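Since the structure comes first, as structure tokens, the remarks are kept for the end.
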Amino acid sequence: MDSGRIDRQHYRRILAEIADGIIFVDDRMIIHGANRAAARLLGTSNALGQTHLDHWLADGQGPIRGNPLPGRVCTVHGSQERVFVKTVDALDLPGLQCLIVAPLHTSRPDAIAAFAIRDPVTRLLNRAAFEETAGAAIGKAAAEQATLLFLSVRLDRFSLINETNGHDIGDDLLRATATRLREACPAETVAARLSGGHFCLLLRTAETGTDQAISQAIHQAMERPLSIGHLQRLATVSVGTAHWPADGQDLPSLMAAVESASNLAVAGGGGKTCAFNPAILQDVKDQLELEADLRMALPRGQLSLHYQPKIQWPSTRMVGMEALLRWHHPERGMVPPDRFIPLAEQNGMIIPIGRWVMDETCRQLAAWLDAGFVPPPIAVNVSPVQLMEQPLSEILAPLEQHGIPKRLVEIEITETAVMDLLQRSPGRLTDLREAGLRVAIDDFGTGHSSLSSLRKLPISLFKIDRSFVEDVGPSREARDIVSTIIAMAQALGLEVVAEGVETTEQAEFLFDHGASIMQGYLFSQPLTAAAIAAAWLPRRRAGRVKAPPAPCAVPSSAGPCRTAC
Ligand code: C2E
Ligand code: MG
Ligand code: MG
């Protein structure tokens, strides 16, 4: 810009025109000059003269002091309007500083952006600005008898993603999510990032059902993969909704309500919405306590593994086992995995827990081998969160540490997780193929895999979901599904295992249709290691104990090579 052509007169004229207040103050906060807008904002038609800034403004925490003055929200004494006040940086005016005063609830959204009240990563409002805006919106809605909708949106597993992939990826994810939230919400929505992967949205609403419509739009907007760095990544959010004034009279109680609702949505495993109602408060308290207890479960030694045999029908000879996690809580008793695994997946605890499961399985296998037993392969359930966030070499490290050959460990991944992984990071599935372990698709029939995608996957077997096996007696549809799954597995050259077999009729139906490997209460409940050894594990025959070990897949750098391989 050719600054030589712009003189003091021009600057004066510009200052007189602009809508934001400009005030020059000395170190004692005595006003030395101001534009017209400043006088207007401070509620006077006169010049501000040599008055003290405190005469006009208060920030609720005592006198307004500081050079530079950190950005803050102040109230105008006369009108009670809220304004944002901030020093213009790096002006270098000896003995003076220049303050900008802007109305906070301006109709110009860019006026707010001009101040440091936006989150630098997403450019949404930050927490302080959101609280200000929400407080004012409540005041206005009260006067107009309007209703407000608050949504608390949490990026599922954000801290885990941020910690394991680095902050640049975390920031990209936040930005991409902010864009999707904007897309999903009406233009007038106030949107903020409160902290980490935690967003808050606010809008006026007259119609019932707006909360469901908007939260559904948010989940839908998140269904498309996000561009993160050079990768495409899927992410889900948990949404809580609450209404003013029905769910809280003032801002703190309303925020508490909407956070309770979103906490419960998080605890439900993510990707869901929970609307506030007073009855959920107890559930939220329970979930928070459960989560706190779960953090202590591992260090306090409350986790253990049970093993359930997989058998060959009709001989009922054991051909494999599945390791199933158990949490013995001193007061709650046995907490089922379905209750705590979704929670552990949300808060990242699944990583240390999953590591413990693999380590314990390998330790137990080594102990059995050392004691002269001949254990069959053990299937370990691996969470999609582990596969997404940890390199496979790390997940499988306990095999080497305990000297366990790969043929003794299988991994089970649920069908929905496999399809998710195929979409999010197919590289992880290639790693699995290269690792050389057998992979089972668990709960098969509950996801939506296509035949073409199945052909590409590095899998060795399907486990037909219990719900179909359960219904083969009464339901023709279940019988058709089961026989189709078996036929499909045969066409793909894969093995099938039927889960949850409880009756001889079910076993016979499965066998007649070509599935001879089964797991279920008909044969055995999941048992402790000691009970499995006593009832199911064959011992090595004396003659074979001294047989030289066969070559195995365990590298020589690993621990002792187990002779059973
Ligand atoms: P899953 O992997 O499909 O495990 C089979 C579930 O069916 C087990 O429930 C087992 O006890 C139960 N089951 C077996 N036979 C029968 C039967 O005949 N009838 C009935 N009604 N149920 C039967 P469990 O142990 O409660 O585990 C539930 C789920 O928790 C597992 O389903 C698995 O998805 C997950 N899980 C268990 N352990 C782990 C683990 O170490 N890591 C991970 N990520 N998930 C685990
Ligand atoms: Mg399983
Ligand atoms: Mg299963």
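Counting starts at 1 for both ligands and their atoms, in listed order. All residue numbers in this chain count up from 1 along the given sequence. Here the structure is a predicted model, which means the values were calculated and not measured.
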Practice item. Answer with yes or no whether Q525 contacts ligand 1, where contact means a heavy atom under 4.0 Å from a ligand atom. Key: no

Check your understanding: Considering only the protein, which heavy-atom contact is closest to atom 1 (P) of ligand 1, and what is its distance?
Key -> D442 OD2, 3.7 Å

**Study point:** Flag for T236-D156: side-chain donor and acceptor within less than 3.5 Å
**Key:** yes

Review point. Quick one: does ligand 1 sit under 4.0 Å from the side chain of P526, the backbone, both or neither, non-hydrogen atoms only?
Key: side chain

Review point. Should you measure from each heavy atom of V357, which atoms of ligand 1 turn up under 4.0 Å away?
Key: 41 (O)

Practice item. Of the side chain and backbone of R466, name the one, both, or neither that has a heavy atom under 4.0 Å from an atom of ligand 1. Key: side chain

Exercise for review: Determine, for K310 against E495, whether the closest basic-nitrogen to carboxylate-oxygen distance falls under 4.0 angstrom.
Suggested key: no

**Study point:** Element-labelled atoms of ligand 1 that are located less than 4.0 Å from some non-hydrogen atom of V501
**Key:** 18 (O)

Check your understanding: Does an N or O anywhere in E322 fall below 3.5 Å from an N or O of ligand 1?
Key -> yes

Review point. Counting N and O atoms only, with roles assigned by atom type, does the side chain of Q346 sit under 3.5 Å from a partner on the main chain of G269, one being a donor and the other an acceptor?
Key: yes

Review point. Looking at CG of L392 and CG of L387, how far apart are the two atoms once the value is rounded to the nearest 0.5 Å?
Key: 7.0 Å

Revision key, fill the gap. Among non-hydrogen protein atoms, atom 18 (O) of ligand 1 lies closest to Y521 N, 2.8 Å

Point to revise | Short N-O contact, E389 and R157, less than 4.0 angstrom | key: no

Study note, to complete from the structure: Out of V469, L522, N381, the nearest non-hydrogen contact to atom 42 (N) of ligand 1 is supplied by N381

Practice item. Output yes when R154 and E259 qualify as a salt bridge under the 4.0 Å nitrogen-oxygen rule, no when they do not. Key: yes

Point to revise | Closest non-hydrogen atom pair between I485 and G445, with its separation | key: CD1-CA, 4.3 Å

Review point. Of all heavy-atom pairs between P526 and L324, which one has the smallest distance, and what is that distance?
Key: CG-CD1, 3.7 Å

Exercise for review: Provide, to 0.1 Å, the distance between atom 28 (C) of ligand 1 and the closest protein heavy atom, together with that atom's residue and name.
Suggested key: D338 OD1, 3.2 Å

Practice item. Closest by any non-hydrogen atom to atom 15 (N) of ligand 1: pick that one out of Q308, E499, E502. Key: Q308

**Study point:** Closest approach of any protein heavy atom to atom 10 (C) of ligand 1, naming residue and atom
**Key:** L324 CD1, 3.8 Å

Point to revise | More than 12 heavy atoms of other groups within 6.0 Å of R332 CZ | key: yes

**Study point:** Test item: protein heavy atom less than 4.0 Å from atom 32 (O) of ligand 1
**Key:** no

Practice item. Check whether any N or O atom of D443, backbone or side chain, sits under 3.5 Å from an N or O atom of ligand 1, and answer yes or no. Key: yes

Point to revise | Minimum-distance pair of heavy atoms, taken over all atoms of P398 and M358 | key: CG-CG, 3.7 Å

Practice item. Give the residue, atom name and distance (to 0.1 Å) of the protein heavy atom nearest atom 38 (N) of ligand 1. Key: L325 N, 3.1 Å

Review point. Is the closest side-chain donor-acceptor distance between Q287 and D283 under 3.5 Å?
Key: no

Practice item. Could you tell me whether some N/O pair between Q519 and ligand 1 is separated by less than 3.5 angstrom? Key: no

Review point. What about G520: any of its N or O atoms under 3.5 Å from an N or O on ligand 1?
Key: no

**Study point:** Polar protein atoms (N, O or S) that approach the Mg ion (ligand 2) to under 2.8 Å
**Key:** E322 OE2, N381 OD1, E412 OE1, D442 OD2

Check your understanding: Just by modelled atom types, is the G520 backbone N or O under 3.5 Å from a matching donor or acceptor in the R466 side chain?
Key -> no

Revision key, fill the gap. Heavy-atom proximity to atom 35 (C) of ligand 1 ranks first, among V385, L303, I341, for I341

**Study point:** Gap separating the CH2 atom of W356 from the OG atom of S304, nearest 0.5 angstrom
**Key:** 6.0 Å

Practice item. Return a yes/no value for Q386: is any of its N or O atoms, backbone included, closer than 3.5 angstrom to an N or O of ligand 1? Key: no

Practice item. Please report the closest heavy-atom contact between E322 and N381, naming both atoms and the distance. Key: OE2-ND2, 2.8 Å

Check your understanding: Is there a donor-acceptor pair under 3.5 Å between the side chain of Q506 and the backbone N or O of T503?
Key -> yes

Practice item. State whether D172 and R233 are salt-bridged, where the test is any N-O pair (Lys NZ or Arg NE/NH1/NH2 against Asp/Glu carboxylate O) under 4.0 Å. Key: no

**Study point:** Heavy atom of the protein closest to atom 24 (P) of ligand 1 (residue, atom name, distance)
**Key:** P337 CG, 3.7 Å

